[in-house]
Amino acid sequence: MANTPHGGVLKDLYLRDAHKYDALRAEADTLPSLVLTDRQLCDLELILNGGFSPLEGFLNEKDYNGVVENMRLESGLLWSIPITLDVNEEEIKASELQPQRRVTLLDPRDYEPLAILTVEDVYQPNKAKEAEHVFGADDSAHPAVYYLHNIAKKFNVGGTLEAIQSPSHYDYVANRCKCAHLLIHPVVGLTKPGDIDHYTRVRVYKALMPKYPNGMAELSLLPLAMRMGGPREAVWHALIRKNHGVTHFIVGRDHAGPGKNSQGVDFYGPYDAQDLVEKFKDEIGIEIVPFQMVTYCPDSDEYMPADEVPEGIKTLNISGTELRRRLKTGLPIPEWFSYPEVVKVLRQSHPPRSQQGFTIFLTGLHASGKNAIARALQVSLNQESTRSVSLLMGENVRAELSSELGFSKRDRDINIARQAFVAGELTRAGAAAIVAPIAPYDEARKQARKTIEKSGGFYLVHVATALEECIKRDRDGVYEKAKKGEIKEFTGINDPYEVPEDADLVVDITKQSVSQAVHEIVLLLEKDGFVGSS
Ligand SMILES: Nc1ncnc2c1ncn2[C@@H]1O[C@H](COP(=O)(O)OS(=O)(=O)O)[C@@H](OP(=O)(O)O)[C@H]1O
């Protein structure tokens, strides 16, 4: 039998407000509006569909203080995470936010009206206190604390909601059935930066579903914006699951843990989350099923809770870091660690390096030889690999991407950022991108590395041919013109070139041929498995 919702009544605001849909929809167009952030959108959906019962809106100041200080709403009901609608001064002014004001809340993706908020109060939260109480420390190494101080706006608006419509979802919409015994309920809202994306996670769950006897398990997705708040987050998850009718809730080791703080120490103990949910389980009305960390014993081919393994028994484990390394390099992942079906899905979204894209970023003075190296490298990569190879040459980039830009520091930085964006997208799609701008500024190059590395390989190659040599090699005489003052801000003459200290490779056209320079770049790619045998 399904569990009763937290507070006794499921606050399904869609159902409650369905009869006045036409009136609310018409009124929405006449009201000032607020465009929600991604997190607010997730929170709103779970308020409207009853996932956050007993909440019927965003927390007002009294509820907020109660939740922060002692995990209680004004009504006395348990609630562990503040669900707030943060706004800035401009929004307060533009929408004239004050008690009784009605405001339409808009979906940030398509500006559809989702709900009408009746404002109760506008207040300034004490963020440091919220961080200490809710997340255990005012330490920005915690992603939710970072969010609080750097992304969340200065004020909160409290108020009740009337539902107009649910946010649209385009993925996994065909999944609805209610007779399951086991609810597999993965979060598909916002998780921790760097987590495996939700499409991959859902594909993994789908690959696992056939492992359950027919009709025993049902997969349903939870559009929750996680805060990684460990123990308080676990209590919150328990309340949300109860609102989904669930009677038992599995809490594993380090549930919703954000990892280590700025001192390198874990934010929470591995079983803090289990302990806090256990403490409130009667009040929540949900049974906790605690899971210990499980390890594999190869000699007996069985799995055991890590703390129950007798002394002297050999155990095996693969850490998250090691798993990511194996996925990256294409190394085997043994069957005792995960089902082959799961590994297959993970490998599709984490192809080995031989199938990943990369960018070769050549930087150096005009006439340093970087263009010749870039062209020869393109030929070499075309014959070497099956990837598509894109060459972003300076003159094409300046003509096509950056035609309005000049050579001030600002313009050069924008020019490099645009090339990094394009190269990053090509890299993400599995291509090889070669860019060859002068790129004289260290910070812009570092930023480019950051942008591109998220999507695949990045190699900074400094073509370090000395200025005198570049001047000698310069057939167009631009250096001469620059010396005469006919060209302003010319790199090397009257504009700086910051020598990179983080180059992955340094080549010099006076000391090696173009082919040798290309060979060295290819060797670098081979060493990391991007090209060559694999
Ligand atoms: N003031 C000034 N400083 C440097 N370079 C100048 C300047 N004015 C024009 N040019 C010609 O533009 C080419 C360099 O453009 P980049 O896009 O590579 O420069 S940057 O990375 O944005 O600094 C470069 O040509 P290539 O080296 O052939 O690409 C320069 O000849």
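All values reported here derive from a predicted model rather than from experimental measurement. Remember, it's 1-based here, ligands and their atoms both numbered in the order they're listed.
At the shortest separation from atom 21 (O) of ligand 1 among protein heavy atoms lies Ala439 N, 2.8 Å. Remark: minimum distance from atom 8 (N) of ligand 1 to any protein heavy atom is reached at Phe407 CE1, 3.3 Å. Of all protein heavy atoms, the one lying nearest to atom 25 (O) of ligand 1 is His366 ND1, 3.5 Å. Scanning the protein for heavy atoms near atom 23 (O) of ligand 1, the closest one is Arg412 NH1, 2.8 Å. Of all protein heavy atoms, the one lying nearest to atom 29 (O) of ligand 1 is Asn371 ND2, 4.1 Å.
In this structure, Arg25 pairs ionically with Glu112, as a charged nitrogen and a carboxylate oxygen lie closer than 4.0 Å. Using a 4.0 Å cut-off between charged nitrogen and carboxylate oxygen, Glu469 and Lys472 count as a salt-bridge pair. Classification of Asp495 and Arg412 as a salt-bridged pair holds, one side-chain N sitting under 4.0 Å from a carboxylate O.
The Thr491 neighbourhood of ligand 1 comprises atoms 3 (N), 4 (C), with distances under 4.0 Å to a heavy atom of that residue. Taking every heavy atom of Ile416 and a limit of under 4.0 angstrom, the matching atoms of ligand 1 come to 21 (O). Listed by number with element, the atoms of ligand 1 under 4.0 Å from a non-hydrogen atom of Pro440 are 23 (O).
Remark: ligand 1 and Ile438 share an N or O pair separated by less than 3.5 Å (distance only, no angle test). Between Lys488 and ligand 1, at least one pair of N/O atoms sits closer than 3.5 Å.
For Tyr268 and His142, the side-chain atoms include at least one donor-acceptor pair closer than 3.5 Å. Side chains of Thr465 and Arg473: no donor on one and acceptor on the other come within 3.5 Å. Neither side chain, Glu130 nor Asn126, offers a donor N or O lying under 3.5 Å from an acceptor on the other.
Side-chain rings of His462 and Tyr497 approach one another, their centers coming within less than 6.0 Å.
Proximity of Glu489 to ligand 1 is established by a heavy-atom distance of less than 4.0 Å.
Of the heavy atoms in Arg398, only side-chain atoms (C-beta onward) come closer than 4.0 Å to ligand 1.
Residues Leu316 and Phe337 fail the side-chain proximity criterion, which asks for heavy atoms closer than 4.5 Å.
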